[in-house]
Each structure stands twice: as structure tokens, then as C-alpha cells.
Amino acid sequence: MTTTIRTRFAPSPTGALHLGNARTAALNWLYARKYKGTFVLRLEDTDIERNLQGDGSRPSGEELIIEALDWLGLHPDEAPSTGGPFGPYRQSERANHYANQAEQLLASGHAFRCYCSPEELDAHRKEAIAIGDPPGRDTKCRDRSPEEKTLTQAKGQPASIRLRVESGPVYFEDQLKGGLSIDGDDLGDMILVRSDGRATYNFAATVDDYEMKISHVIRGIGHLSNTPKQMLLYRAFGVQPPQFIHIPTVMASGGGKLSKRAGATSLLTYRDRGYHPDAVLNYLSLLSWSSKSGEEFFEREALIEEVDLDRIGATDTEIDEDKMAWLSGQHVRSEPATTLVDHWSAFLDHTNFNMNRDDLTRSAEVFAHRTRLFSDAQSELETIFGEPTLESEETQVILGTREAKIAIDQLHTTWQEVDWQAKTLGATARDAAENTTMSKGQFFSAIRIAMTGERKGPELGDIAYALGKERTLSRLKHALDKIHHNDGREII
RNA sequence: GCCCCCAUCGUCUAAUGGCUAGGACGCCAGGUUUUCAUCCUGGUAAUAGGAGUUCGAUCCUCCUUGGGGGCACCA
């Protein structure tokens with residue numbers, strides 16, 4: 001028997017995704033992709049109060065989630081906006097499904113109507129906790145006689161629907177933790193449908209996972225305590241539960257909680273800071289999971305191939321932005337220049353320099369290894385492509401020697417004849433350095449300053465290649481003029 | 001109060017009832033390179049504490065401590 005793999009990511013649209021949520025989404029997506037299954041996005045928006053509404057200027061919680069998933073490349077096969085065979089995919093639109101299932105549980109005797117008010121229930125719970133009893137169990141409504149029921153119902157009093165939970169062990173299995181058991185007394189008669197008719201989380205989630213034929217529920221370990229409740233529901237429905245995989249919590253760096261309200265941890269913040277999305281996906285997968293080989297750098301396809309739920313650890317993890325940035329650098333380096341420039345473009349402000357797409361592509365070829373985040377490109381390119389001023393005293397001292405001027409002049413001549421490739425340019429520059437009376441260091445400093453105005457920076461061949469022949473030669477020429485001009489005296 | 005989960009370098013992790021507890025990020029040092037960066041090499045640093053089982057425990061059991069989660073007409 002082969003089961004079709006169907007995973008789901010089911011966030012509530014209360015705000016942007018953070019790294020923890022994203023990690024859950026990533027694992028679900030990766031797993032579905034690996035086994036040619038289906039990845040479902042479902043919105044758990046039954047708590048209207050907390051849903052983040054959008055308006056003309058602000059995106060809604062739903063839009064924010066889609067945007068984040070999209071950035072990471074985690075495209076759902078079935079989703080609220082695109083639909084699918086088991087829709088709708090917003091819980092707010094599935095009220096009739098929950099009502100139907102609740103009716104059936106009522107009919108089969110698994111559930112009962114409760115006429116207690118929230119206040120009464122609350123008071124009862126506090127009392128139970130105070131005397132050390134398990135809360136959540138009160139028998140007032142649970143065992144009413146049929147006559148009494150019809151009588152009360154006739155009065156039209158608002159009622160919630162609760163599950164009849166018996167004492168005794170509730171056993172369930174987690175793929176990572178093995179078999180777990182909890183006593184029904186510790187669970188209580190959970191409320192399935194509120195007195196206003198809306199389904200509660202555990203009921204809605206279970207009905208949905210069941211009706212949407214979810215095969216693997218991969219979710220945060222915070223849901224471990226919900227699992228026995230959901231188990232009871234599967235039992236009541238008379239169906240096989242899905243495979244449960246509870247993954248450890250992702251904590252903020254330093255050990256604090258990751259909060260949807262802490263703006264700094266929003267996934268989109270990392271996008272805006274210039275992290276490579278493939279690196280973030282790669283990094284997220286490395287949280288509590290490790291490959292058999294110990295390898296840590298994985299491109300998208302390799303990650304799908306490698307991911308293995310059985311190699312997920314048990315301990316909570318902290319975010320390490322340094323490592324994520326390092327990984328970003330690794331992914332940047334493996335990105336072809338032609339596509340890297342598209343990523344860079346979003347972060348470039350050309351105010352202080354001019355360059356066209358060809359300039360950009362050549363720069364990506366030779367400077368990519370100097371960057372980690374896409375946003376690093378700005379300062380990198382600005383110092384190369386911005387017009388050098390050559391005004392500083394240091395610059396004048398270095399360029400103002402007879403040797404420097406000869407060196408620049410000679411290289412200007414040599415480079416007119418060479419094939420304009422980074423390697424060739426570098427090689428001819430090194431040759432030229434041999435033929436001067438200057439030290440190598442002095443020589444290269446002088447040339448770099450003539451070209452960019454900076455002493456430090458990329459290799460000369462790379463700079464020349466990126467700038468292009470015309471611009472390079474004109475800068476060298478300009479530097480010669482500038483020295484002459486500023487000095488006010490003939491050097492040669 | 002009760003219930004559940006977790007515990008290896010600063011961080012992410014590997015490992016087996018038995019080699020010097022391995023790797024990655026970071027940090028430090030050295031090397032390559034014209035400088036910065038990259039890259040290469042080396043170094044730094046961990047089994048929370050206490051009992052028990054065992055010839056032998058990081059690993060199995062119990063306790064303590066610490067951390068996380070739950071006990072909702074929140075998700």
C-alpha cells in the first residue's frame with residue numbers, strides 16, 4: 001500500500017511569519033517535494049479578533065504569509081487563493097464542515113451540548129485547580145437525561161458542544177518521540193463548538209486535517225499537548241490519524257522567545273536585509289536537522305533530496321545570524337552572475353555611481369565572492385564605480401612620485417593592447433610591477449588609487465575588468481592629468 | 001497545583017554501552033595573495049549535577065537543577 005504524502009502548513013494570519021514558522025513551513029514543503037506529494041496551505045483564522053486585517057496601504061496577515069512563503073520559494077499546491085480539491089482553505093469559510101461533523105458526533109453520542117456559561121466553567125476550573133483536581137471536567141451537562149435535554153433545548157438557551165472524554169489513557173504516537181500517553185482526566189471534556197457556533201482550534205484543525213486527507217502533520221512541539229485531544233477526535237470520527245512529527249522550538253538568539261510581534265524576527269526583515277532566500281531555506285532546514293554526511297551547504301534540489309525527518313533532533317535551537325549570513329555568502333557564490341545581478345539590483349542605489357547592466361554583470365562575476373548579503377553589493381560597487389576624487393593628501397603623496405606616474409603611464413599603454421579579461425589584466429599588471437623600481441605594494445596601491453581612489457579593495461585585474469576598458473583607461477589618464485594639475489609642476 | 005517534552009563546545013550539531021567526544025559558524029594564529037575580502041592550515045571550547053545498572057557510561061534507569069509547553073467558548 002502506498003500512501004500519498006500530503007503535508008500542510010496552517011498558520012493563523014495574525015502577522016508576518018518569523019523564522020520559527022518558516023522553518024515549519026519549510027520542512028512540510030521539503031517533505032512533500034521529496035516524496036512527490038502535496039503541500040497544502042490552510043489559514044486558521046477562526047479567531048477573528050486576532051486576524052490581521054489589511055487595507056489599502058497595509059497587507060493583511062494572509063498576504064504577509066503568502067509573501068514570505070513566496071520569497072522562500074515554498075509554493076503551496078493547494079491554498080486559499082488558488083483553491084484545490086478539498087477547499088475552501090480558510091477556516092472562516094468552513095463553518096458548515098465543522099457544523100456537520102459536530103452534528104454527527106452529537107448523534108453518535110461522542111459529544112454533548114453544554115449549557116454552562118463561560119464564567120461558570122471558568123469558576124469551576126479555578127476551583128478544581130485550587131484543590132488539585134484536574135480541571136476541565138464537570139458533569140453537570142454531560143449526563144443530563146434525554147428528557148431534560150429536550151426541555152432545555154426547547155428553551156433556546158445557547159449551548160456549546162463538548163466532547164465526551166472518558167478517564168483512562170489516551171495513547172498516540174509521534175514519529176520522533178515514539179509512543180506517548182496521557183490520561184483523559186487531564187484533558188477534560190473539551191469544547192468543540194462555541195456557544196456562538198464557531199468551532200474551536202482543536203476541532204477545526206482535526207476536521208480539516210481529516211477532510212483534507214493530510215498524511216503527515218509536521219508542526220511545532222508546542223502542539224504536542226494538543227495531539228491527544230485531536231487523537232480523541234480521530235477516534236470519535238472512526239478514522240486513522242495522520243503521522244505526527246513534532247519539531248523543537250526555534251528560539252531567538254540569546255534564548256528568548258520568537259514572537260510574531262518582534263519585528264526584527266520577521267522573515268521579510270531578512271529579505272529586506274539582503275539574505276539570499278536559498279540560504280535562509282538552507283539555514284532553516286539545518287535547525288534541529290543535520291545531514292548524514294555532515295554537509296551543511298545545500299541548494300534547493302539537494303535539500304529536497306537530503307531532508308530526512310528521522311534525523312531531526314529533540315532540542316530547542318537558537319537563531320545564529322552569523323551562520324545564516326555565512327551561508328548566504330556561500331549561496332551568493334554559487335549563483336550565476338546573470339541571475340545574481342537581479343538580486344543585487346533591488347538593493348542598489350545608483351545616486352553616487354553610474355553603471356549599466358553589462359557593468360553589473362561583469363561586477364557580479366568578479367566581486368560576488370566579496371559579499372554575503374545582496375545588500376553588500378552597494379558599498380562594494382559604489383567604491384569601484386563612484387568617480388574617484390584623488391584630492392586627499394594621502395592620495396597626492398602616493399601618486400605624486402615620479403615612479404608612480406611612470407607606472408600608471410606604462411600600464412595605461414600596456415592595457416590598451418590586452419584581451420580584456422580579469423585574469424589577463426591581473427597578469428599584465430603583475431608583470432608591470434616587476435619592471436618598476438617601486439615595491440609591489442607601492443605599485444599596486446598607486447594603480448588602485450588611480451583607478452578607484454582607494455588603497456584597499458579588489459584585485460587590480462578584477463577592478464579593470466568590471467570597469468571596462470574605456471572607463472579604466474580614461475581613469476588612468478585622468479589620474480595622470482590630475483597629478484600634473486594638482487602639483488602645478490612638471491614631473492616627467 | 002497537576003500533566004507533558006527537552007538537556008554535548010558561546011551557537012548549530014555528530015557519535016557509539018568501549019579509539020585522543022567529530023564537524024560547521026564565530027573567535028584567535030599562521031599561510032597564499034599587491035591591500036581588504038576570498039581561500040587553505042592550525043588552535044580555542046562541550047557531554048548540567050548526583051546516584052544506580054555495567055568490566056565499562058555522553059548513551060540505559062532514577063533524582064535534582066535548569067529550560068520549554070500545556071491544563072481556554074486562544075491558535
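Below, each value reflects all heavy atoms present in this structure, side chains not excepted, and no hydrogens, waters or symmetry copies. Note on naming: letters A, B, ... go to the chains in the order of the sequence lines (proteins, then strands), and numbering restarts at 1 for each one.
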Checklist entry - Have Tyr270(A) and Glu321(A) got a donor and an acceptor in their side chains that come within less than 3.5 Å? => result yes
Checklist entry - With distance as the sole criterion, is a donor-acceptor pair present between the side chains of Glu365(A) and Tyr465(A) under 3.5 Å? => result yes
Next on the checklist: Taking donor-acceptor contacts at under 3.5 Å, does the side chain of Ser195(A) reach the base of rC73(B)?
Outcome noted: yes
Item to check | Base rU35(B) paired with Arg448(A) side chain (donor-acceptor, <3.5 Å) | outcome: yes
Item to check | Presence of Arg219(A) side-chain N/O under 4.0 Å of rG69(B) phosphate oxygens OP1/OP2 | outcome: no
Item to check | Short side-chain N/O contact from Gln330(A) to OP1 or OP2 of rC39(B), under 4.0 Å | outcome: yes
Checklist entry - Out of rC73(B), rG69(B), rC2(B), which has the shortest distance to the side chain of Ser225(A)? => result rG69(B)
Checklist entry - Choosing from rA75(B), rC36(B), rC73(B), which nucleotide comes nearest the side chain of Arg370(A)? => result rC36(B)
Any protein N or O atoms within reach of nucleotides 8-13 of chain B? Criterion: under 3.5 Å, listing atom names and distances.
{"residue": "rC12(B)", "atom": "OP1", "partner": "Glu318(A)", "partner atom": "N", "Å": "3.0"}
{"residue": "rC12(B)", "atom": "O2'", "partner": "Leu286(A)", "partner atom": "O", "Å": "3.2"}
{"residue": "rU13(B)", "atom": "OP1", "partner": "Ser288(A)", "partner atom": "N", "Å": "2.2"}
{"residue": "rU13(B)", "atom": "O3'", "partner": "Ser290(A)", "partner atom": "OG", "Å": "3.4"}

Item to check | Gap between atoms CG and P, on Leu373(A) and rU38(B) respectively (whole Å) | outcome: 13 Å
Could you list, one pair per line, each protein nitrogen or oxygen that sits under 3.5 Å from a nitrogen or oxygen of nucleotides 59-65 of chain B, together with the distance?
none

Checklist outcome for this item: In Watson-Crick or G-U wobble terms, with both distances under 3.5 Å, the base opposite rC59(B) is none
